[in-house]
Amino acid sequence: MIIGFYGRLAERFGRELELDVPDGTDVAALRARFDGLDAATVRALVNDTTAREDAILGPGDRVDFLPPLSGG
Amino acid sequence: MIIGFYGRLAERFGRELELDVPDGTDVAALRARFDGLDAATVRALVNDTTAREDAILGPGDRVDFLPPLSGG
Amino acid sequence: MRIDARLAHAAFDPAKELAGFAAEGAGAVASFTGLCRSTAKDGATIAGLFLDHHPRLTEKSLHDIAAAAARFELSAVRIVHRCGSIAPGEAIVFVAAAAAHRRAAFDAVDYLMDRLKTDALFWKREDGVDGSAWIEPTESDRADRARWSA
Amino acid sequence: MRIDARLAHAAFDPAKELAGFAAEGAGAVASFTGLCRSTAKDGATIAGLFLDHHPRLTEKSLHDIAAAAARFELSAVRIVHRCGSIAPGEAIVFVAAAAAHRRAAFDAVDYLMDRLKTDALFWKREDGVDGSAWIEPTESDRADRARWSA
């Protein structure tokens, strides 16, 4: 699975990360592996679409964690 | 004396006219020589400055008659 | 505030005017270009416009209007306005304002266009296929102008 | 309405963007250019900005915002937005709207800038002499955005 980070998160965790997760891992569980991915402020996308916290992740998925937008 | 006309007035009377007027002619008297120079809508300038109707004109003056502006 | 207000006697290029509008230190540049349309308000096809002007006072009116934009927090303002015969598609007017912040730049351009529509010293003739007509300011132009206190 | 919304990975020229913004038949073209300033809001000198972006969704957000300007009576709209490292004086964003009438063109550019400030998919870092800081939208940006019903 590919995980993408942006803005201040990219500085902290790197821009992109390849990671294997156990079967049945959902978005909430993936968040919990990293410090500071608070669901209230950091939006999760799975394959470019906003994902529910209980969405189950598979090995071919791409997950992006987006901190609050600063705007253009 | 040079008289300048603009917009629809220039079409009617020509752009510029050279005219001798009797001593003591004022703006109102000059207006009265032309048809359609109503003081309510046609502004008179003497030497590029808005003039009173009773301003006395001399041979070296330039008088401009400005119809209502159409704007830019 | 730098002021550049010019009467253009021949066709000009709005993009070049924007390029030359140095905005040193400014964060925001707003611009407006008014172009000669090929139809009149009543839908009739027009062949062009003729904008009559006064040899000295028209350019002075442009300068006075530009200077009045000092009421906004601007670093620079530019007005370029055509006179003479203008073909459809040609620019009639270009206005630009540079400011630290975008609200001032927007408001200044909006204000300048409203002022130009009523206070610029021009007389406009629409030349149509069925003849020509001299235009006077509309009630809508006057109402736009009245939005600003001075 | 023609829509042109692009993410620029290198410096671009706003005047060229205005020149290329064909306004066939339009009577009014409004534009806005946002430039990188050399001082931050707190007055500190900044060396530049870094605008982080998503490889696909950032450009899509620009396109979605441009398309939303269909609520105005426009013939064309253009958005060009930088990403990456931006030096003071360089353009960050260029927005243009073409319409038959100037009010629609003005309102569209104003609307697009408000939308871009809150809804464009960017993460902005100010690089100053004393270090860097990631920026989040201000209350004032949110208030501007809230002026429009959607």
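The chains referred to below are lettered A, B, ... by the order of the sequence lines, with proteins before strands, and numbering in each begins at 1.
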Query raised in the report: Between CE of C:Met113 and CZ of D:Arg103, what distance do you get to the nearest 0.5 Å?
Result: 10.0 Å

Report summary line: Per-residue tally against chain D (heavy atom, under 4.5 Å) across C:Gly34, C:Gly89, C:Ala100 peaks at C:Ala100

Requested in this report: Name the member of C:Asp13, C:Thr39, C:Val109, C:Ile92 that forms the most heavy-atom pairs with chain D at distances under 4.5 Å.
Outcome: C:Val109

Query raised in the report: Just wondering, do C:Asp114 and D:Arg102 contact through their side chains at under 4.5 Å, heavy atoms?
Result: yes

Query - Ring centre gap for C:Phe106 and D:Phe106 strictly below 6.0 Å - result: no

Query raised in the report: Can you say whether D:Ser31 sits under 4.5 Å from chain C via the side chain, the backbone, both, or neither, judging by heavy atoms?
Result: both

Report task. For D:Ala19 and C:Ala15, work out which heavy atoms get closest and say how close. Result -> CB-CB, 3.4 Å

Query raised in the report: Which distance, rounded to the nearest 0.5 Å, do you find between the OG1 of D:Thr33 and the CG of C:Leu18?
Result: 5.5 Å

